Amino acid sequence: MSDKLRDKSGNKDSKADNQFRDKRKLLATIAPAKKKASMATAGAKPPGKIYRELYDAGQMPLALGKLIWKEGQKNIPSDKDAKNVIAGAGNVWNFYNKLFKRNSLDNHGLPLIQTIHYRENPQEPFYNAFWDGEQMFYGTGDPKYTNSFTTDLDIIGHELTHGVIDFEAQLAYEFQSGALNESYADVFGSMVKQWVNKTPSRKADWLIGSHVLKGKNALRSMKAPGTAFKNDPIFGDDPQPATMKDFKKLPNTEDGDYGGVHINSGITNYAFYVASYEINGNAWEKAGLIWYAALTDKKLMHKKSNFADAAAATLKKATAQFGKNSLEVKGVEKGWKEAGVI
């Protein structure tokens, strides 16, 4: 979720950061057929129906934890984190199913397995949520500094969308392809929230994680990258650029955010925001349709796709779906131009 994980003393939680990043990078090298064979096969699930299981790690570094709820059980746990992720995963599944006819993250009915109250170190809060290629993990943070990482629907949508990306373009988690990976997760995470709340693009806040950090801070702003948080005790100041003129050239190391995957994603986030604003209406109906069509076309988007590839792919899909001189094509083109990509 974040490129700056720290424990309560302000030290970088490199173990947690490195573990889920390395998993995400590794997953990009695994063929989808092989990956599907390694996935959890929990419970009997009807074709085209959602199947969820929820586990509680008890603030421990457990891969699963104690099963506390599964699909079909009428009584939902009273725990707030449990309620958040059960409802959140349901909203994400319905978003992809109803809008794009997608059958779960892999389009083949993959069970949605989630673990709450997770920590890498039992003695330290875990300031994150992440998809590890098979399931979701959520930390509760520290109430002194953050709310639980189950609090925001767009975070749940963001992380589960990494699963969709894993089964489609498989964008390598480094440099521009990694920034696109993060951006696609933000784009669809934000749209899930907008869709559930029926918020049109020009009235949306375009913030990711607006309720996780204390005060007015959010994790990211798609409308104004670089302004989401300032002087935050956990995350510091928002480093994201909005345009290519401020693109950050960083090394492909942990400290370099693997070439700036969480930082330079602000550029492509801004492109989508501008496109959605220009097209107007509901982002998920046109701009989102275009971005999804590009992501799922393996001839246009692939492991090493960069920002220019994404611009070309979305423009091609916009033209095919809405016509060469359409408002939609002009909106997409303006988005990429405003971001300085084309």
Side-chain angles (χ1 to χ4, degrees), residues 1-3 20-21 24-25 27-28 32 92 95-96 99-100 102 104-107 129-131 133 136 153-195 201 206-209 219-223 225 240 257-276 283-284 286-318 332 335-336 339 341:
M1 187 68 225
S2 169
D3 59 307
F20 84 85
R21 287 168 189 276
R24 196 169 283 162
K25 290 186 75 175
L27 283 160
V92 173
F95 170 85
Y96 279 107
L99 296 180
F100 307 113
R102 191 174 187 90
S104 195
L105 308 183
D106 64 345
N107 207 21
F130 67 96
W131 162 260
M136 277 297 307
L153 176 58
D154 46 35
I155 289 180
I156 297 172
H158 169 108
E159 297 301 341
L160 288 172
T161 294
H162 278 303
V164 176
I165 296 165
D166 283 348
F167 286 101
E168 295 297 342
Q170 296 182 274
L171 294 159
Y173 207 65
E174 59 188 13
F175 300 117
Q176 287 194 20
S177 59
L180 281 172
N181 193 316
E182 279 297 316
S183 180
Y184 256 105
D186 275 351
V187 162
F188 283 89
S190 182
M191 281 195 292
V192 168
K193 179 176 72 173
Q194 293 174 36
W195 178 71
S201 59
W206 292 100
L207 296 173
I208 303 295
L219 290 176
R220 285 182 289 283
S221 171
M222 299 178 68
K223 180 179 180 178
Q240 283 200 321
D257 188 32
Y258 297 102
V261 298
H262 288 90
I263 297 173
N264 292 318
S265 57
I267 296 168
T268 46
N269 279 356
Y270 184 62
F272 183 79
Y273 160 72
V274 172
S276 299
W284 62 86
K286 293 185 176 180
L289 186 67
I290 293 165
W291 255 246
Y292 181 81
L295 177 67
T296 54
D297 188 329
K298 292 180 173 60
K299 292 182 179 180
L300 296 178
M301 295 289 288
H302 49 81
K303 291 181 181 180
K304 296 296 183 181
S305 289
N306 58 26
F307 293 177
D309 294 329
T314 52
L315 281 166
K316 184 171 183 176
K317 291 300 183 181
V332 172
W336 291 111
V341 175

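This one's a predicted model, so the numbers in the text were calculated from it and none came from an experiment. Positions are given from 1 along the sequence.
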Closest approach of [X] and [Y], non-hydrogen atoms and distance?
{"X": "Gly288", "Y": "Phe188", "result": "O-CZ, 3.9 Å"}
{"X": "Arg102", "Y": "Thr296", "result": "NH1-CG2, 4.2 Å"}
{"X": "Asn306", "Y": "Leu180", "result": "O-CD1, 3.3 Å"}
{"X": "Ser177", "Y": "Ala172", "result": "OG-O, 2.7 Å"}
{"X": "His302", "Y": "Ser305", "result": "N-OG, 2.8 Å"}

Taking only residues two or more places apart in sequence, or in another chain, which ones meet Ser183 in a side chain to side chain donor-acceptor pair (under 3.5 Å)?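 With neighbours one apart ignored, the set is Thr268, Asn269.
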Would you check, one step at a time, whether the test side-chain contact (heavy atoms from CB on, under 4.5 Å) holds for Trp131 with Asp166? CA-CA 10 Å; Trp131 162 260; Asp166 283 348; 2.9 Å; yes
Once you round to the nearest 0.5 Å, how far does [atom1] of [X] lie from [atom2] of [Y]?
{"X": "Met136", "Y": "Ile155", "atom1": "CE", "atom2": "CD1", "value": "9.0 Å"}
{"X": "Leu153", "Y": "Gln194", "atom1": "CG", "atom2": "CD", "value": "11.0 Å"}
{"X": "Trp206", "Y": "Arg220", "atom1": "CH2", "atom2": "CZ", "value": "14.0 Å"}
{"X": "Ser190", "Y": "Trp284", "atom1": "OG", "atom2": "CH2", "value": "10.5 Å"}
{"X": "Tyr173", "Y": "Ile165", "atom1": "OH", "atom2": "CD1", "value": "9.5 Å"}

Partners of Tyr292 by ring pair (Phe, Tyr, Trp, His ring centres under 6.0 Å), sequence neighbours excluded?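 Checked Tyr292 against ring pair (Phe, Tyr, Trp, His ring centres under 6.0 Å); matches are Phe100.
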side-chain contact (heavy atoms from CB on, under 4.5 Å), that's the test. Do His158 and Glu182 meet it? Break it down for me. CA-CA 8 Å; His158 169 108; Glu182 279 297 316; 3.1 Å; yes
Do Val192 and Thr161 make a side-chain contact, defined as non-hydrogen atoms from C-beta onward lying under 4.5 Å apart?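 A side-chain contact is absent here, since even the closest heavy-atom pair is not under 4.5 Å.
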Do Val187 and Met222 have side chains that get closer than 4.5 Å, going by heavy atoms?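 With C-beta onward as the side chain, the pair touches.
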Could you go through the side-chain contact (heavy atoms from CB on, under 4.5 Å) check for Val164 and Tyr96 one step at a time? CA-CA 10 Å; Val164 176; Tyr96 279 107; 3.9 Å; yes
Just do the side-chain hydrogen bond (donor to acceptor under 3.5 Å, both in side chains) check on His262 and Gln240 with the steps written out, would you? CA-CA 8 Å; His262 288 90; Gln240 283 200 321; over 6 Å; no
Tell me if a side-chain donor or acceptor on Lys193 pairs with a main-chain N or O of Leu207 at a distance below 3.5 Å.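 Indeed, once roles are kept as given, a pair shorter than 3.5 Å links the two residues.
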